[in-house]
Amino acid sequence: MKNSYPPKYSEPLAKRRRMSGNVSESSSEYTPPTPLQIPTSGVVKLYLVQAKLNAQSISELFSLAERHNLRVSKSQKDAPGATKLELCSTPEESDIIITNVHMRKRLERHVEWDLAKDKSIVTPDWLRDSVKARTILPCGDYAALRELKQTTVENCPNSDDNSDDGGGSSASFAPAATESKQGAGFGVEPMKAHYTSRYACLRKCPLICPNEGLARQLGIIRRSRELEGRDSSALSYERTISVIKAYPYILNTSRLTEVSELPSIGEKMLSKITEYVTYGKIRESQTIEGSPRFQSLSAFTTVYGIGATTARKLYDSFGLRTIEDLEKHYTSNPPHLPRDNRESKINTPAPPLSIKAALALRTDLDEKIPRAEVELMHDIVMAELEKLRPGCLSTIVGGYRRGKAESNDVDIVITHSTLESGSDQVKGLGEQLVNRLYACGLITHVMHLSGFNPPDALRTSHWDSLEKALTVFILPPDAAPKRIHRRLDLIFAAPEVYWTAITGWTGSKMFERDLRLWAKVERGLKFDSSGITRRRDSKQYFPQSEKEIFGILGLEWIEPNLRNADA
Ligand code: 8GT
Ligand code: MN
C-alpha cells in the first residue's frame, strides 16, 4: 500500500525523504498501528505544506498518509468501506491541507487565501490522531489557523464535523488533547460579547440600530438575491447586515476603515456601505425596489405556501405579474397542497391552508400584530389549554420576545409544570389542543402538525421532545371588534427541553444560525431547540434557564431584545 500512490513530490522534499529514510525506521516516538484491512470506498486527498516542519516530521506524515485507510466517522463504522488517504501534489486538488503554519501571511506563501477558505486546514496532529483512532477526526478540533476554523469545519470530510444536523459524534476517538476545548463550557470563562465578534450570538443587536437605514437598504438586495435563488449571495448580505446591526456608532467616512476590518465585510460589501455613507442611498437597492420583477416576486411570496422557486416559475413560465393574476391562475388550476402539508402527520379535522385559501386570507395575514393582541391571543390559547390539561407553562417567543412592536405571527412555546413524567403530559398535546381550538372556532386552518426532530440516529429517544403546530388563528367574536386571521405557531416541549426550545425559537434567524455554529465550532456541542448534546460522547444537557444555556455554551448571556441580528 505504501507505494500505491506516486505523488509528484517537490524536489526539496524528495531529497529530505531520502535523507531521513522510511518513517518506521526514523521515527522513534511514534509507532503506527497496523493499517486497516478493509476495502476502500472513497479517497481523501491530503496536501502537506512543508514549511515549518523538519525533515523527520515530513517523512513521518507522508508515511502516515500513505499507509492508512480510515473510517469516515464513528457513526459510519458499520459501513462496508473505509476511506483511503492519498497524498496529492498541489493544494488545489486536496481535500485537507496539513500545515504547521499558523499565520495567514505565512500560509499565503504556499496556499492562496481564497483556496484555503475552500479547504480544511489542519495541524499535523490531525493526521497523527486520525491514524491512531483509525477515523477521519473532526477537522475543526485541529484547525491550524484561527480565522479558518469555521471553513475548516465546513469543509471537513468527516460528516460529523461537516453536517449541521448530522448529530453524529466522533465520541471516544476524540483526542485527549482537545478535551478541555470540547467540554461543555463549565470552567471556561464565558466569551464576552463585542460588536467585532465573528458570531452574531456574540454581538448585541438592538431592534433599531444607529445605522438602520443602511441595514434596510442592504436588506432589499438580500431579499432580491433570495427571490432569485442566489442563496449564498443572500447569506453574505445577511451576515453583513447582522454586523451592521451590531455596530454601535453612526457610520461616516471616518469610520469606513474600522468597518472594513469587521467580520463579513469584504470589498463588495464595503463598496455598498461606502456608497450609502457618501450618497445616503445604494443605487442597486433603489433599482431593485423599482423593478417590476422584484415587486411581483415579493408580492407572490407573501402568500403562504409560495416560496421563491414557485414565485419565479409563476412569473417566468406562466407570465403572472399581479396578485389578481395569481388568483385567476389558482382558480383555473386547482392548487396542490403545500409540500409541508402532505408530509406532516395531520390528524385533525381542521383544513390545511391551500394556496387558494391563503390568497383569500392574504390581506389578513399581511397585517402586523400589535403586542397587545399577541398577548390576548396567548391568553386565550392558554385558557383553553388549562381546561384541556391543567398546569401548563408557556412563553411567547419569536419577534415579540425580542421586543418587536408588531409581529408577523405569534410563536408560543408550551410545556407542563410537572417535572416528573412531564413529557407524558406534553406528548400528543399539540394535536389535542389544535382540535379543541378548531372545535371552538379559534383555529381555522392547520398547515403542519408533527414531531419536530428530523430522524437522527442520536435522537431516537428524543422523538417527542418537541411537537409543533403551524396554524391560522382568529380571535373569538366577543374579544375583538375587528377579527383578523393570524398566523399562530405552537411549540410543545417536554419540560427538560423547554428552555432550549425558548432560546431556539426566540431568534432572530442569524442569531440562531450563529448560536448553532458557535456551539459546534467553538465548543464541540450541538445546540438546537430540542437540547444540547456534546458531540464527543453524545452527553445531553437539559438546562433549566436561558442563562444556564448560555453558560453551557460558554457565551455571555445576551438579553432577547439585543438579539435582533436581522434587517
Ligand atoms: P416575525 O414573526 O415578526 O416575522 O419575526 P420572528 O418571530 O423573528 O420570525 P419567525 O419567522 O416567527 O421565527 C421565530 C424564530 O423561530 C426564528 O428565530 C426562527 O429561526 C425560529 N424558527 C422558525 N421555524 C423554526 C423551526 O422549525 N424550528 C426551530 N427550532 N426554529 C424555528 O421560524
Ligand atoms: Mn414569529
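Each ligand, and each atom within it, is numbered from 1 in the order the structure gives.
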Should one rank S407, G399, S530, G504 by closest heavy-atom distance to atom 21 (C) of ligand 1, which comes out on top? G504
Return yes or no for this condition: an N or O of E406 is under 3.5 Å from an N or O of ligand 1. no
Mark the output for R402 as yes if a heavy-atom distance to ligand 1 is under 4.0 Å, and as no if none is. yes
Below 4.0 Å from ligand 1: does a non-hydrogen atom of K468 turn up there or not?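 It does, in that a heavy atom of K468 comes within the 4.0 Å cut-off of ligand 1.
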Residues that R487 engages under salt bridge (charged side-chain N to carboxylate O under 4.0 Å, His left out), provided they are two or more places apart: D489
Just to verify, what does K204 make a salt bridge (charged side-chain N to carboxylate O under 4.0 Å, His left out) with, not counting sequence neighbours?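 Once residues adjacent in sequence are excluded, the partners of K204 under the salt bridge (charged side-chain N to carboxylate O under 4.0 Å, His left out) criterion are E556.
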By number and element, which atoms of ligand 1 are closer than 4.0 Å to a non-hydrogen atom of G507?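 Listed by number with element: 18 (O).
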Counting from 1, what ligand 1 atoms have a heavy atom of K404 closer than 4.0 Å? 1 (P), 3 (O), 4 (O), 5 (O)
Salt-bridge test for [X] and [Y]: reply yes if a basic N is under 4.0 Å from a carboxylate O, no otherwise.
X: R371; Y: E406; value: no
X: K509; Y: D514; value: no
X: E431; Y: R436; value: no
X: E228; Y: R293; value: yes

Kindly list each side-chain donor-acceptor pair under 3.5 angstrom involving residues 358-366, sequence neighbours excluded, with atom names and distances?
from, atom 1, to, atom 2, distance (Å)
R362, NH1, T302, OG1, 3.2
D364, OD2, H485, N, 2.8
D364, OD2, H485, ND1, 2.8

Ignoring water, what protein N, O or S atoms are under 2.8 Å from the Mn ion (ligand 2)? D409 OD1, D411 OD2
